Amino acid sequence: MIQVKGLSKYFKNVKAVDNINFTVSEGEIVGLLGENGAGKTTTLRMIATMLKPTSGTALINGYDLLKEPHKVRSSIGILFGGEAGLYDRLTARENIKYFADLNNMGEKESRENIDRLIKMLDMEEYADRRVGKFSRGMKQKVAIARSIVHNPKVMLFDEPTLGLDVTSSKIVQDFILSCKNENKAIIFSSHSMQEVEKLCDRIVIIHKGKIIEDMKVSDFKAKYGQDLEKIFVELVGDK
Amino acid sequence: MNMKAIMTVFKKELIDLLRDKKTVIVSIVIPLIIFPIMFGLMGRSVEGNIKKTSENLKISIKSKNENQLIAFLKSQKNITVVDSIDIKKDVQDGKIYLGLIIPDNIEESIKNEKSADIKIIYDDTSQNSNMACNIIKSLIEEYSKEVVKTRLISKGIDYSILTPINIKEEVAAKEKGGFGKYMMSLLLPLILIIYGMTGPMAAATDLGAGEKERGTLEPLLTTQAGRMSLLFGKLLSITVMGLIGTISSIIGLMIGVKAGASAFGGDIPLIFSPITVIMIGIFVLLIIMVFGALELSISIYARSFKEAQTYLSPLTIIGMAGAYGTYMIDAKNASTVLFNVPLANVSLVIKEFIIGIYNPLHIGITFGWNIVYIVLAVLFARYMFSKEEVIFRV
C-alpha cells in the first residue's frame, strides 16, 4: 500500500532524509520512531506531497507521488500533533465540511460521512458550535473527523498525541486502532517508544535521516530484550 | 487548479473573515465612521472659528490721538478695540488678533493729500489673526476709497475715472458644483488609493500568516485542492474584502462631507454619474487586486501575524507616496508621461473622471499598466506559494 523507494530530502547541505526504504501494508501500523529532527516529519511531508523529494519516490495506493500527486492526496488522510489546526470561527461541522469539499466529495456523500463521523465520535452535542471555545479533546475529535472524512486508504499520523492529556491521547489512540480495523495502511510517527509498542505492528527507527532498524515489534523484543525505551536510547544515543 | 475548489476556498474565507469582529471593525466599520466623525468635527470647528473671529474682532490700536479712521473702525459692529501695553506680545499670545499702529499725523496727511503709513501687527501662524488681518485690510481699503472719493469730488472729477474696468466673473466649467468637484478631485483619489491598498491588508494577514500561525495551512495542503486553487480562492476573497472596505469608506466619506459641508464651501457633488462611479470602481478594483496579491505573498512568507504586520507596514508608505505625489497636480493639464507611473496613474485617472474628463489614451495606458502589475503580483504570489521554504517557514 505504501512503498517508499530511496526517498531523500536535502535542505541546502543538510540531509534531512537520506535514501530511506520501507513498506506498509494494508491493515498494518508502522511506527516511525526517532528523536526530534531525525527526519520523521520531513518523510511524512514528502509522502503527503507537501514537499518534493530531492531524489527517490514512493508509491501510495498504487500512485507515484511524483507523477500523480493529486491522486496521492486523495488517498491519504493526515493528522498532526500539537495544535489541532482548526478554524476557530467555523463550527465543527463547517470545519469538516470544508475539507470534504476541498477533497472533491459530492454533497450527499459528504453529508452522510460527516453525520456518521459526528455520531461515531460522539460530537452531536457541539457539532454546530464554533470550535474557538472547544476543549482540547473536543478539538482533537474535530481534527480526527476532518482527517478521515474523504475515506482515505492511507493514514499518516505525525506525533498526533504531542501535548495531549491522557483522555485526548486515548481518543487518538482508539482512532488509530479503528483505522487499522478498517484495513487502512498507517504510519504513526512518534518519539515515544511506549506508544509505539502499544499500537504498532512494526517499528522503523530513523536517525539523522537514515533508517537504522526496521522489524516487527515482537522480533525487536526478541533481538534486543524487553526494555524498548532503553534500547531506543542505546540505538540512537551513540551515533 | 479547479473552479470548484477555488469557490469552496472563497466562500469559506469570506464567511470566516466576516465572522471575525476584528477584521469587520478594521476594514468595514472604521472606514465607515472615520470620515463622518473627522469632517463633522472639522466642519463644526471651522465654522465655529470663523463665526467667533469675524463677529468679535479683538484688536488694539496704538495712536496718540483720536481720528476719523479710528472712529470708522470703532463704528464697525464686529470690532472690539482692546487696550494693550505690548501689542506684539499680546498678538503672539493670542490675546488680541492684531494691532494697528496709526501715525499721529494721519489726519493732517489726509487733509494735505499725502499718503500715510499704517502698520498692522499680526501673527501669520494663527488662523484667527490671518482672518482678522484680511478683514481689517479691507476695512482700511474701504476707508481710503472714501478718502479718494472726497478728494476727487472736491476737485470736480468723476469717481469712475479710477475704475476704468469692472470685472464680472463667470464660471466656465461644464457642470455645476465646480469647486466641490475640485475638492473631491483632491481628496477622493487619495482616499481611494489608500483604502484600496489597506483594505485587503487585514484579510491578507489572516489568510496567509494567520493560517500558518493557527497550524491550518499544512492540513490544507494535503487536500486535493492544489496550491493554486487555494491561492486564487484566497485572492478572490481578499479582493472582495478590499472592495467592501473601500465601498464603506466611500459611503463614510459621502456622509462625512455632507455633515461637514461648510468646511468645503458647502458645495460638494454627492452623487456622480453612474459611468463615473463604474470607471472609478474599475480602477480601484485594479489597485485592490495588485495590493491584495502583494500583501498575500508577503503574509504567506511571514512566520506569524505580528511578523506579517511588520512587513506590510512599509507598503502603506509606498502607497501614500504615490497618492500624495499627485495630490496637487491639476487633472486638466496632467502630462501623459505621468500615466506610466504606478499608483500616480490611477490617482490621476480618477481625478480626471471626477471632473468629467474621459481621455481614452490615459485610460488605456493606466489600465494596461495595472493589468501588468496584477499579472506580476499574482505571479509573485504564485511563486511564493509554490516555494517550500516559504510555506514551511516557521
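In what follows, chains carry the letters A, B, and so on, assigned in the order in which the sequence lines appear, proteins first and then strands, with residues in each chain numbered from 1. Because the structure is a prediction, the values reported are computed rather than measured.
Judged purely by distance below 3.5 Å, without hydrogens or angles, the side chains of B:Gln309 and B:Thr205 never pair a donor atom with an acceptor atom. Counting only N and O atoms by type, the side chains of A:Gln140 and A:Ser168 include no donor and acceptor under 3.5 Å apart. Using a 3.5 Å distance cut-off with no hydrogens or angles, the side chains of B:Asn2 and B:Ser229 do not pair a donor with an acceptor.
When heavy atoms are compared at a cutoff of 4.5 Å, A:Leu86 approaches chain B solely by way of its backbone atoms N, CA, C and O. Residue contact with chain B, scored on non-hydrogen atoms closer than 4.5 Å, is absent for A:Lys12. There is no contact between A:Lys97 and chain B, counting heavy-atom distances below 4.5 Å. Residue B:Glu213: no heavy atom, backbone or side chain, is found under 4.5 Å from chain A. With a threshold of 4.5 angstrom between heavy atoms, B:Leu220 approaches chain A through its backbone and through its side chain. Interface remark: A:Phe80 contributes side-chain atoms only to the contact with chain B (heavy atom separation under 4.5 Å).
Looking at A:Lys40, its side chain does come within 3.5 Å of a backbone N or O of A:Glu35 through a donor-acceptor pair. Although no hydrogens or angles enter the test, the distance criterion places a donor-acceptor pair under 3.5 Å between the side chain of B:Ser27 and the main chain of B:Thr23. Side-chain atoms of A:Asn113 come within 3.5 Å of backbone atoms of A:Val149 as a donor-acceptor pair (strictly under, hydrogens ignored). Using a distance-only test at 3.5 Å, with no hydrogens or angles considered, no donor-acceptor pair links the side chain of A:Asn103 to the main chain of A:Met105.
At a heavy-atom separation below 4.5 angstrom, chain A is approached by B:Thr8, B:Val9, B:Lys12, B:Glu13, B:Ile15, B:Asp16 within residues 7-16 of chain B. Applying a 4.5 Å heavy-atom cutoff, none of the residues of residues 379-386 of chain B approach chain A.
In this structure, B:Glu307 does not pair ionically with B:Lys212, as no charged nitrogen and carboxylate oxygen lie closer than 4.0 Å. Salt-bridge check for A:Lys170 with A:Asp165: failed, with every basic side-chain N at 4.0 Å or more from each acidic carboxylate O.
Most heavy-atom pairs under 4.5 Å with chain B, from the set A:Asn104, A:Leu90, A:Leu51: that is A:Leu51. When the candidates A:Lys71, A:Arg146, A:Arg45 are compared by the number of heavy-atom contacts under 4.5 Å with chain B, A:Arg45 comes out ahead. Ranked by heavy-atom pairs under 4.5 Å with chain A, the first of B:Leu221, B:Thr222, B:Leu230 is B:Thr222. Counting heavy-atom pairs closer than 4.5 Å to chain A, the top residue among B:Lys4, B:Glu211, B:Glu218, B:Arg227 is B:Glu218. With respect to chain A, the highest number of heavy-atom pairs below 4.5 Å among B:Pro219, B:Gly210, B:Ala5 belongs to B:Pro219.
Contact annotation: the side chain of B:Leu286 approaches that of B:Phe283 to within less than 4.5 Å [non-hydrogen atoms, C-beta and beyond]. Side-chain contact check for A:Phe157 versus A:Ile78: every heavy-atom pair is 4.5 Å or farther apart. Looking at A:Thr91 and A:Arg129, their side chains never come closer than 4.5 Å, going by heavy atoms from C-beta outward.
Under the 30°/60° scheme for interplanar angles, the aromatic rings of A:Phe99 and A:Tyr87 are found to be tilted.
Taking all atoms of both residues into account, the shortest heavy-atom contact from B:Ile238 to B:Gly292 is CG2-CA, 4.0 Å.
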Query - Stepwise side-chain hydrogen bond (donor to acceptor under 3.5 Å, both in side chains) test for A:Ser8 and A:Asn19 - result: CA-CA 5 Å; A:Ser8 297; A:Asn19 191 24; 4.9 Å; no
